[in-house]
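Before any comments, here is the structure.
Bear in mind that the values here come from a model prediction, so they are computed numbers and not experimental data. Protein chains get the first letters and strands the later ones, always in sequence-line order, with residue 1 at the start of each.
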Amino acid sequence: MPELPEVETVVRDLRPLLVGRRFTGVWAGPLALRKPWTRGWERRLTGRRVEAIRRRGKWIVAEMERGDRLVVHLGMTGQLTVAPAEAPTKPHTHLVFDLDEGAGQLRFRDVRRFGSATLFQADEDVEAFFRAAGLGPEPFGLDAAYWRQRLAATARCLKAVLLDQRVVAGVGNIYADEALYAARLHPARIASGMGAREADRLRRAVETVLNRAIERRGSSIRDYVGGAGQKGEMQTEFRAYGRTGEPCPRCGALIERVRLAGRSTHFCPVCQKKEVHHKDKKGTKKSHGLKKS
DNA sequence: ATAGGCGCCTGCTGGC
DNA sequence: TGCCAGCAGGCGCCTA
């Protein structure tokens with residue numbers, strides 16, 4: 001569920017609730033998450049203060065005093081929230097951290113258990129972990145050359161490239177579709193066949209879509225909530241994702257759904273042309289006015 | 001090396 | 001009403 005905007009919202013919500021607080025008790029349920037929980041974690045975390053919390057791609061990193069790093073991934077249905085200690089614990093809650101000074105509890109809930117929580121000893125270990133996974137750069141402020149180069153280097157379709165966390169970290173299925181729609185690029189286009197201008201359209205569309213989603217506090221379709229438990233609003237602004245059979249907001253053609261890179265993919269078959277237009281040679285720069293009727 | 005497919009989990013929805 | 005296939009915001013492992 002959570003892509004970069006959702007994870008960013010969680011981190012921003014949690015920051016004032018967690019930073020400076022101490023874990024006074026730690027509990028883990030019996031069901032395993034995606035990665036085995038670190039041996040001796042209760043002892044290492046109990047009594048420790050949270051110094052900072054940050055995001056990297058779709059990962060959440062809580063920086064603990066004395067160097068330990070708690071690294072959380074929300075998978076598809078993960079929720080990381082602070083709640084009052086007396087609030088009922090919902091089903092599928094797998095980790096609970098008691099906070100000092102009546103600040104409540106940090107709780108990790110995850111119905112499908114595709115999420116994970118891992119304890120590292122130091123920042124260097126977290127960085128080594130991200131490096132081993134090949135985690136790519138954050139998608140903001142990248143130069144055009146980076147996109148052009150990464151797209152040129154692969155014969156995969158655009159949808160697959162956007163979902164690849166090694167190319168750019170943080171884009172998932174929703175925002176891949178929304179960015180391709182905004183850039184008017186067909187998701188099945190082969191990445192290496194992109195022109196420089198198209199590559200730059202995609203670069204800008206990814207940034208624009210993600211920034212807008214952060215402003216709207218992410219998308220809540222089913223499970224997603226921010227760090228204080230409230231839903232996001234971006235789902236009301238989807239142009240392509242989940243709108244199969246509805247009219248395209250730009251041209252009125254019906255949004256189609258196909259399967260690409262193993263994922264449901266939504267696009268407008270008219271605005272997002274599969275074949276490249278060769279008409280933008282020199283003279284006809286502003287030819288987009290022609291596609292009326 | 002790289003690209004595609006499957007499995008991991010649970011819950012919900014739509015069609016028969 | 002009931003059942004079951006299909007689907008879901010992600011990722012890692014296996015194979016060709």
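Residue contacts for Thr154(A): at a heavy-atom cut-off of 4.0 Å it reaches the sugar-phosphate backbone alone, with no base atom in range. Residue contacts shown for Tyr175(A) are absent, as no nucleic acid heavy atom lies under 4.0 Å away. Within the nucleic acid shown, Ala160(A) has no heavy atom closer than 4.0 Å to any nucleic acid atom. Within 4.0 Å (heavy atoms only), Gly172(A) reaches sugar-phosphate atoms of the nucleic acid but no base atom.
We find that CZ of Arg113(A) is positioned 13 Å from C1' of dG11(B), with the value rounded to whole Å. When the P atom of dC11(C) is taken as reference, atom CG of Leu33(A) falls 15 Å away, rounded to whole Å. Distance Glu3(A) CD to dG10(C) P: 5 Å, rounded to the nearest Å. Summarising the geometry, the separation between CZ on Arg257(A) and P on dA8(C) is reported as 5 Å, rounded to the nearest angstrom. In this structure, the CD1 atom of Ile60(A) is 14 Å from the P atom of dG10(C), given to the nearest Å. Following rounding to the nearest Å, His94(A) (NE2) and dC8(B) (P) show an atom-to-atom distance of 17 Å. Regarding Met76(A), its CE atom lies at a distance of 10 Å from the P atom of dC11(C), rounded to whole Å. In this structure, Trp59(A) atom CH2 and dG10(C) atom P are separated by 13 Å, rounded to whole Å.
The side chain of Arg34(A) lies closest to dG12(C) when the candidates are dT10(B), dG4(B), dG12(C). Comparing dC12(B), dG12(C), dC7(C) by their closest approach to the side chain of Arg222(A) singles out dC12(B). In this structure, of dG12(C), dA8(C), dT10(B), it is dT10(B) that holds the atom nearest to the side chain of His92(A). Checked against dG10(C), dG11(B), dA8(C), the side chain of Asn173(A) finds its nearest nucleotide in dG10(C). Nearest nucleotide to the side chain of Arg156(A), out of dT10(B), dA3(B), dG10(C): dA3(B).
Taking a centre distance below 5.5 Å and an interplanar angle below 30 degrees as the stacking criterion, Phe114(A) does not stack against the six-membered base ring of dC9(B).
Heavy atoms of other residues, nucleotides or ligands lying less than 6.0 angstrom from CD of Glu51(A) number more than 12.
At a threshold of 4.0 Å, the pair Arg212(A)-Glu215(A) counts as salt-bridged, since one of the basic side-chain nitrogens sits closer than that to a carboxylate oxygen.
For the atom pair Glu256(A) CD and Gln272(A) CD, the distance stands at 10.0 Å (nearest 0.5 Å). Interatomic distance, NE2 of His186(A) versus SG of Cys271(A), reported as 12.0 Å (0.5 Å rounding).
A residue-by-residue look at Arg259(A) and Phe129(A) shows that Arg259(A) has its nearest nucleotide of DNA chain C further toward the 5' end.
Between the side chain of Asp125(A) and the backbone N or O of Phe120(A) there is no donor-acceptor pair closer than 3.5 Å.
For the 3.5 Å distance criterion, the side chains of Arg112(A) and Thr77(A) fail to qualify, holding no donor opposite an acceptor.
Under the 6.0 Å distance and 45° angle rule, Arg48(A) does not count as a cation-pi partner of Phe97(A).
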Quiz prompt | Candidate pair Asp110(A) and Arg113(A), rule salt bridge (charged side-chain N to carboxylate O under 4.0 Å, His left out), full reasoning | solution = CA-CA 5 Å; Asp110(A) 186 357; Arg113(A) 282 186 280 131; over 6 Å; no
Self-check item: Dot-bracket encoding of pairs in DNA chain B, which uses [ ] for pseudoknotted crossings and | for another strand, Watson-Crick or G-U under 3.5 angstrom
Solution: .|||||||.|||||||
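Judged by distance alone with a 3.5 Å cut-off, a donor-acceptor contact links the side chain of Arg112(A) to the base of dC9(B).
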